[in-house]
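Computation of the quantities below employed the complete heavy-atom set of this structure, encompassing side-chain atoms and omitting hydrogens, waters and symmetry-equivalent molecules. The chains referred to below are lettered A, B, ... by the order of the sequence lines, with proteins before strands, and numbering in each begins at 1.
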Amino acid sequence: DAGVIQSPRHEVTEMGQEVTLRCKPISGHNSLFWYRQTMMRGLELLIYFNNNVPIDDSGMPEDRFSAKMPNASFSTLKIQPSEPRDSAVYFCASSLGGEGPQHFGDGTRLSIL
Amino acid sequence: GESVGLHLPTLSVQEGDNSIINCAYSNSASDYFIWYKQESGKGPQFIIDIRSNMDKRQGQRVTVLLNKTVKHLSLQIAATQPGDSAVYFCAENNPGTASKLTFGTGTRLQVTL
């Protein structure tokens with residue numbers, strides 16, 4: 001069974017550039033989550049969607065961050081403009097109906113120079 | 001200056017021995033708990049979950065114990081193997097939001113030969 005698929009796996013870009021991270025949740029899952037993981041702060045929830053609708057974006061650090069889920073099989077997390085402090089590993093996770101465990105992708109390692 | 005990151009507690013266990021990883025959770029109203037395993041370069045991987053109406057649940061080589069009185073969760077791994085070396089996270093749900101999880105800081109398990 002295909003798990004959560006994230007792309008790209010690695011991204012290196014210069015500050016000021018727009019960065020778009022992509023996620024394909026597990027087929028049939030209707031909840032999707034974006035997390036950020038750093039050594040300083042651990043694993044932080046940025047935003048989550050239920051049935052393609054954003055439910056809680058209180059973890060989104062600034063207006064530079066935005067997330068969309070245009071359909072049940074695709075979501076994006078965008079940073080514009082990017083800054084060096086955005087460097088982290090970004091994970092996407094999905095779950096079924098919010099009742100079961102979240103399943104994670106292998107993340108995008110983002111480096112902003 | 002030197003950056004300060006999260007200090008992960010480390011548990012060293014000899015191959016073949018049993019491992020016990022502990023977690024204190026914060027919210028007495030949480031009713032769903034999950035253990036995840038994270039290997040280097042990968043996303044957190046679901047191991048086992050437990051609901052608050054249970055105090056013990058067993059999987060393959062793993063057992064989760066829940067003590068609601070003292071808000072304590074533990075993961076027991078039987079006959080620990082080198083492949084068990086990873087960082088282990090506990091997570092609790094946010095009551096009223098079945099989907100939203102709060103993660104602990106993690107424990108690094110090192111299996112020695």
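- Taking chain B as the reference chain and counting heavy-atom pairs below 4.5 Å, the highest number among A:Gly105, A:Gly107, A:Pro101 is found for A:Pro101.
- Here A:Phe33 contributes atom CZ and A:Leu45 contributes atom CG; the two are 7.5 Å apart, rounded to the nearest 0.5 Å.
- B:Gln45 does not touch chain A: none of its heavy atoms, backbone or side chain, sits under 4.5 Å away.
- For A:Arg64, the CZ atom sits in a packed shell: over 12 heavy atoms of surrounding residues, nucleotides or ligands are nearer than 6.0 Å.
- Side-chain rings of A:Tyr35 and A:Tyr90 stay apart, their centers remaining 6.0 Å or farther from each other.
- For chain B, the nearby parts of A:Gln102 are the backbone and the side chain; heavy atoms of each come within less than 4.5 Å.
- With respect to chain B, the highest number of heavy-atom pairs below 4.5 Å among A:His103, A:Arg109, A:Gln37 belongs to A:Gln37.
- Not one N or O on the side chain of A:Asn51 forms a donor-acceptor pair closer than 3.5 Å with the backbone of A:Val53.
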